Amino acid sequence: MDTLKIKNKFTPFLRWTGSKRWFVNKYLFDFLPESFNNYHEPFLGAGSVFFHLIQSNEKKDRIFYISDTNEDLINTYMQLRDNPNEVIKHLKDLKNTSDDYYRIRDENPLIKAQRAARFIYLNKTSFNGIYRVNSKGVYNVPYGKRENIDIVNEKLLFEISAKLENVIITNKSFELSLDNVNKNDLIFIDPPYTVAHENNGFIEYNQKLFSWEDQVKLKNYIEEIIRREAFFILTNASHISILELYKDIGIISKLSRNSQVGGRVKTRGIYSELIICNTRA
């Protein structure tokens, strides 16, 4: 398998609720196809799977396509790829205190590199790495009181920039990411979870972002991937409705993980997730 030769583990630069770092660390290679052409990730978030695969990539002509509907997230990836010095310069001006946090949270910078620095800063210093906006689209996560952290981590950001150099980054919905999907490509799909499985509190927010109708559209998207003879790996909630939706598509596995969701004690613990794929014989 051309993705097995890994020199060093590569750490994403963002904290992200629902991050698939646990999946990368324990399970990813169990689901990868023997080989694949280009790679696509339409729900990018912190990009744990993307960074792991691009770190281990030895197929020099492989193209990586990453996308998300979160405009600020995608701007941050683009700015780190194209303008890392400016992003780091702006980050170095930001102070990790409660007063500074709420002042910076209320700002709306127009300069793209400064906006990316603000995004990274808020991600590092907010409560629990949650990305949440109110009904007006305003980021409203409280200060996380994480006083002893390196909000710049200049070395890592330059490493991220180097990895992103030839990556195609776009701000668009998952349906539009089909434009570049061809035979034997691999698509990793990690949508917001929108069914209330195992008292997972963050579902309440995700339902506003990604409805059940979107889940059905996602199933249709995956059917088109199969028609194109490409590979997919989908993560989703361990819930009867998801099992029913995908009962005739791919192979379904159930995996356990530690919860990383929210601040309420009742929502933390061991949870199950489904991995649905067509990468296994």
Side-chain angles (χ1 to χ4, degrees), residues 11-19 43-48 66-158 160-161 164 169-173 191-194 200-211 260-265 267-268:
T11 304
F13 68 101
L14 295 173
R15 307 157 66 215
W16 207 257
T17 300
S19 166
F43 297 91
L44 181 57
S48 294
I66 57 177
S67 58
D68 202 284
T69 57
N70 186 324
E71 185 176 352
D72 278 332
L73 173 71
I74 290 301
N75 174 66
T76 300
Y77 276 92
M78 287 180 170
Q79 289 301 306
L80 281 177
R81 180 191 63 189
D82 302 335
N83 209 6
N85 288 295
E86 285 297 305
V87 175
I88 290 169
K89 183 186 78 172
H90 287 297
L91 260 178
K92 288 180 176 179
D93 291 335
L94 306 180
K95 307 299 181 186
N96 181 17
T97 70
S98 179
D99 289 344
D100 284 288
Y101 177 86
Y102 288 108
R103 174 182 59 79
I104 294 163
R105 193 185 74 169
D106 290 341
E107 292 177 348
N108 186 27
L110 298 179
I111 299 171
K112 290 183 177 181
Q114 186 177 0
R115 194 170 189 89
R118 173 183 176 269
F119 187 90
I120 295 169
Y121 168 86
L122 293 175
N123 178 266
K124 295 293 185 184
T125 58
S126 67
F127 174 73
N128 223 40
I130 295 172
Y131 184 88
R132 183 186 66 203
V133 296
N134 62 21
S135 60
K136 297 180 180 180
V138 177
Y139 183 84
N140 64 355
V141 179
Y143 182 55
K145 300 179 182 178
R146 304 178 75 232
E147 297 174 355
N148 298 315
I149 56 167
D150 180 2
I151 63 172
V152 181
N153 199 340
E154 190 168 345
K155 180 177 181 292
L156 175 61
L157 293 183
F158 278 123
I160 295 290
S161 182
L164 293 172
I169 309 171
T170 51
N171 175 214
K172 61 186 178 183
S173 68
Y193 295 178
T194 55
N200 188 330
F202 203 63
I203 297 300
E204 299 162 8
Y205 173 63
N206 282 347
Q207 285 171 338
K208 301 173 185 177
L209 299 176
F210 202 77
S211 66
Q260 300 172 336
V261 174
R264 293 178 291 179
V265 173
T267 68
R268 294 176 182 266

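All values below were derived from every heavy atom in this structure, side-chain atoms included, with hydrogens, water molecules and symmetry-related copies excluded. Quick caveat: nothing in here was measured; it's all calculated off a predicted structure.
Taking the side chain as every heavy atom from C-beta outward, Phe119 and Leu14 approach each other to under 4.5 Å. Residues Asn153 and Leu91 have side chains not in contact (no heavy-atom distance under 4.5 Å, counting atoms from C-beta outward). Considering only heavy atoms from C-beta on, Thr17 stays 4.5 Å or farther from Tyr131 through its side chain.
The salt bridge (charged side-chain N to carboxylate O under 4.0 Å, His left out) contacts involving residues 77-88 comprise Glu86-Lys89, where partners must be two or more places apart or lie in separate chains. Within the structure, side chain to side chain donor-acceptor pair (under 3.5 Å) pairs that include any residue of residues 69-78 comprise Asp72-Arg115 (at least two apart or interchain). Applying the ring-ring contact (aromatic ring centres under 6.0 Å, His included) test to residues at least two apart or on different chains, the pairs with a partner in residues 89-112 are Tyr101-Tyr143. For residues 148-158, the set of pairs meeting the salt bridge (charged side-chain N to carboxylate O under 4.0 Å, His left out) definition, not counting sequence neighbours, comprises Lys92-Glu154, Lys155-Glu159.
Residues meeting the ring-ring contact (aromatic ring centres under 6.0 Å, His included) test with Phe43, sequence neighbours left out: Phe174, Phe210. Listed by chain and residue number, Pro84 satisfy the side-chain contact (heavy atoms from CB on, under 4.5 Å) test with Ser161 (two or more places apart in sequence, or in another chain). Remark: Ser126 engages Tyr139 in a side chain to side chain donor-acceptor pair (under 3.5 Å) (not counting sequence neighbours). Checked against side chain to side chain donor-acceptor pair (under 3.5 Å), Asp100 has the following partners two or more places apart in sequence or in another chain: Thr97, Arg103. Applying the salt bridge (Lys or Arg N to Asp or Glu O under 4.0 Å) criterion to Glu147, with sequence neighbours excluded, gives no partner residue.
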Check your understanding: Can you check side chain to side chain contact (heavy atoms under 4.5 Å, CB included) on Ile120 and Leu80, steps first, answer last?
Key -> CA-CA 10 Å; Ile120 295 169; Leu80 281 177; 4.2 Å; yes

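To the nearest 0.5 angstrom, Asn140 atom CG is 5.0 Å from Asn134 atom CG. To the nearest 0.5 angstrom, Leu122 atom CG is 10.0 Å from Ile151 atom CD1. The line from CZ of Phe158 to CG of Asn85 is 4.0 Å long, rounded to the nearest 0.5 Å. Summarising the geometry, atom CH2 belonging to Trp16 is positioned 13.0 Å from atom CG belonging to Asn128; distances are rounded to the nearest 0.5 Å.
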